[in-house]
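Beneath this line is the structure, given in structure tokens, with notes to follow.
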Amino acid sequence: MNKVRRFAFAATLVFLCLSFARPLFAAGRAECLSMRSRILRRAVAFCVLFPPSYDTEKARRYPVLYFLHGLGDNEQMLVHPGGFSLLEDQGHLGEFLVVTPNAGTSFYINSRDGRVRYEDFLIREFLPFIEHRYRTQAGRKYRGIAGISMGGYGALRFAFRYPELFGSVSAHSAALIEHFPAITITHPEQSPLLRMLGTAFGSPPDRRFWERNSPFALARTVRPTGLKIYFDCGSEDEYGFNAGARAFHNLLVSRGIPHDFHLYPGGHNWLYFAEHLPASLQFHSHSFGLSPSGK
């Protein structure tokens with residue numbers, strides 16, 4: 001994300017935060033570190049946002065929400081000016097950790113060429129690392145996953161692929177494509193979809209590889225018992241993900257999988273994301289069984 005977009009996002013978040021009156025995370029803090037991954041053979045940056053009681057109630061353990069950023073952003077998506085304030089000013093949340101790992105342009109999958117095994121990293125290394133280092137509650141009920149755009153794709157995919165690990169999932173404007181379009185373009189830079197997908201699925205994207213990794217493929221075969229699901233999308237999404245979101249909703253309905261879906265006015269931009277992010281936080285807080293007091 002360029003500086004102009006970051007500024008616009010921060011300004012939007014600050015504006016939205018001013019509309020919330022009951023502080024919860026006001027005494028909380030954030031820390032940004034990195035861990036060395038043997039699978040990725042490099043250091044991976046991450047940030048953790050703590051509720052206020054984390055540093056004072058030393059014996060207490062907390063639910064954890066893994067929040068996955070979109071393409072062009074990074075692990076500091078909620079630490080940018082205004083982002084942390086959005087958490088501080090939520091009045092209907094209990095207390096839980098929010099963890100944001102850096103995923104680059106990986107789409108949170110093991111890449112088509114096998115060079116970037118991000119899925120293996122997150123499941124085999126990152127989750128155990130976080131839950132050993134920090135005081136998290138054990139069990140899928142207390143582990144949620146959420147994301148925006150590319151991160152929304154990743155969140156839904158992880159939740160349906162590993163339903164034994166996650167008790168709740170939410171996504172805003174997830175990169176959902178029911179039927180991958182034929183790509184016969186001479187200049188890939190002219191295709192918004194190709195720019196969005198990058199090289200994780202091959203260059204050009206491999207249709208069969210995309211379809212194997214799609215949340216649609218998982219939702220057609222997996223019945224994630226007990227998984228709480230929320231997702232929304234802007235009705236004017238520039239990438240057409242609104243059509244994908246509606247198709248995913250229809251698929252879940254056809255399979256009798258309970259979920260909460262909304263199509264709101266708006267496009268694929270930070271104004272839309274910031275406006276609806278509070279819904280994710282409240283959804284997960286409720287899924288964790290927390291009250292506004294944090295207990």
Rounded to the nearest 0.5 Å, what separation is found between the [atom1] atom of [X] and the [atom2] atom of [Y]?
X: Ile177; Y: Glu211; atom1: CD1; atom2: CD; answer: 10.5 Å
X: Asn213; Y: Asn110; atom1: CG; atom2: CG; answer: 8.0 Å
X: Ser37; Y: Arg117; atom1: OG; atom2: CZ; answer: 8.5 Å
X: Cys233; Y: His268; atom1: SG; atom2: NE2; answer: 7.5 Å
X: Ser34; Y: Arg42; atom1: OG; atom2: CZ; answer: 10.5 Å
X: Ile109; Y: Arg161; atom1: CD1; atom2: CZ; answer: 10.5 Å

Are [X] and [Y] in one and the same hydrophobic cluster, where Ile, Leu, Val, Met, Phe, Trp and Tyr link if side-chain heavy atoms are under 4.5 Å apart?
X: Ile257; Y: Val253; result: no
X: Tyr142; Y: Ile130; result: no
X: Phe209; Y: Phe160; result: yes
X: Val222; Y: Leu227; result: no

From CA spacing to verdict: salt bridge (Lys or Arg N to Asp or Glu O under 4.0 Å), Glu31, Arg29 = CA-CA 7 Å; Glu31 70 176 23; Arg29 63 179 176 88; 3.4 Å; yes

Is there a side-chain contact between [X] and [Y] in this structure, where contact means two heavy atoms from C-beta onward sitting under 4.5 Å apart?
X: Tyr162; Y: Leu122; value: no
X: Asn102; Y: His69; value: yes
X: Val48; Y: Phe46; value: yes
X: Pro101; Y: Tyr118; value: yes
X: Asn242; Y: Leu263; value: yes
X: Leu65; Y: Val99; value: no
X: Gln137; Y: Val64; value: no
X: Phe216; Y: Leu176; value: yes

Classify the ring geometry between Phe126 and Phe121 as parallel (under 30°), tilted (30 to 60°) or perpendicular (over 60°).
-> tilted

Could you tell me whether a side-chain N or O of Glu236 sits under 3.5 Å from a main-chain N or O of Pro265, the two making a donor and an acceptor?
->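 No, because the side chain of Glu236 does not come within donor-acceptor range (under 3.5 Å) of the backbone of Pro265.
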
Would you check if the side chain of Ser111 reaches a backbone N or O of Arg115 as a donor-acceptor pair within less than 3.5 Å?
-> yes

Within 6.0 Å of [atom1] in [X], more than 12 heavy atoms from elsewhere:
X: Arg246; atom1: CZ; answer: no
X: His286; atom1: NE2; answer: no
X: Arg220; atom1: CZ; answer: yes
X: Arg41; atom1: CZ; answer: no
X: Arg223; atom1: CZ; answer: yes

Exercise: identify the closest heavy-atom pair between [X] and [Y]:
X: Pro63; Y: Leu290; answer: CG-CD1, 4.1 Å
X: Gly289; Y: Lys141; answer: N-NZ, 4.1 Å
X: Lys228; Y: Ser287; answer: CD-OG, 3.3 Å
X: Ser173; Y: Phe273; answer: OG-CE2, 3.2 Å
X: Ala103; Y: Ser106; answer: O-OG, 2.9 Å
X: Thr100; Y: Met77; answer: CG2-CG, 4.3 Å

Test log, rule side chain to side chain contact (heavy atoms under 4.5 Å, CB included), inputs Asp237 and Tyr272 = CA-CA 10 Å; Asp237 190 283; Tyr272 178 86; over 6 Å; no

Verdict with reasoning, Tyr230 to His284, per ring pair (Phe, Tyr, Trp, His ring centres under 6.0 Å) | CA-CA 9 Å; Tyr230 170 96; His284 287 285; 8.5 Å; no

Given the rule in the side chain to side chain contact (heavy atoms under 4.5 Å, CB included) test, do Ser170 and Phe231 qualify, once you have shown the distances and angles that lead to the verdict?
-> CA-CA 5 Å; Ser170 67; Phe231 60 104; over 6 Å; no

Show your reasoning for whether ring pair (Phe, Tyr, Trp, His ring centres under 6.0 Å) applies to Phe261 and His259.
-> CA-CA 6 Å; Phe261 166 65; His259 64 286; 7.1 Å; no

After noting the C-alpha distance and the side-chain angles of Leu281 and Phe283, does the key distance pass the side chain to side chain contact (heavy atoms under 4.5 Å, CB included) rule?
-> CA-CA 5 Å; Leu281 302 176; Phe283 165 78; over 6 Å; no

Does NZ or CZ of Arg135 come closer than 6.0 Å to the centre of the six-membered ring of Tyr54, within 45° of the ring's axis?
->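 Yes, cation above the ring, under 6.0 Å and within 45°.
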
Which of Trp210, Phe241, Phe248, Tyr239 passes ring-ring contact (aromatic ring centres under 6.0 Å, His included) with Tyr153? Answer is Trp210

In Phe166, Phe96, Tyr62, the residue satisfying ring-ring contact (aromatic ring centres under 6.0 Å, His included) with Phe288 is Phe96

Given the rule in the side chain to side chain contact (heavy atoms under 4.5 Å, CB included) test, do His172 and Ser149 qualify, once you have shown the distances and angles that lead to the verdict?
-> CA-CA 6 Å; His172 302 289; Ser149 190; over 6 Å; no

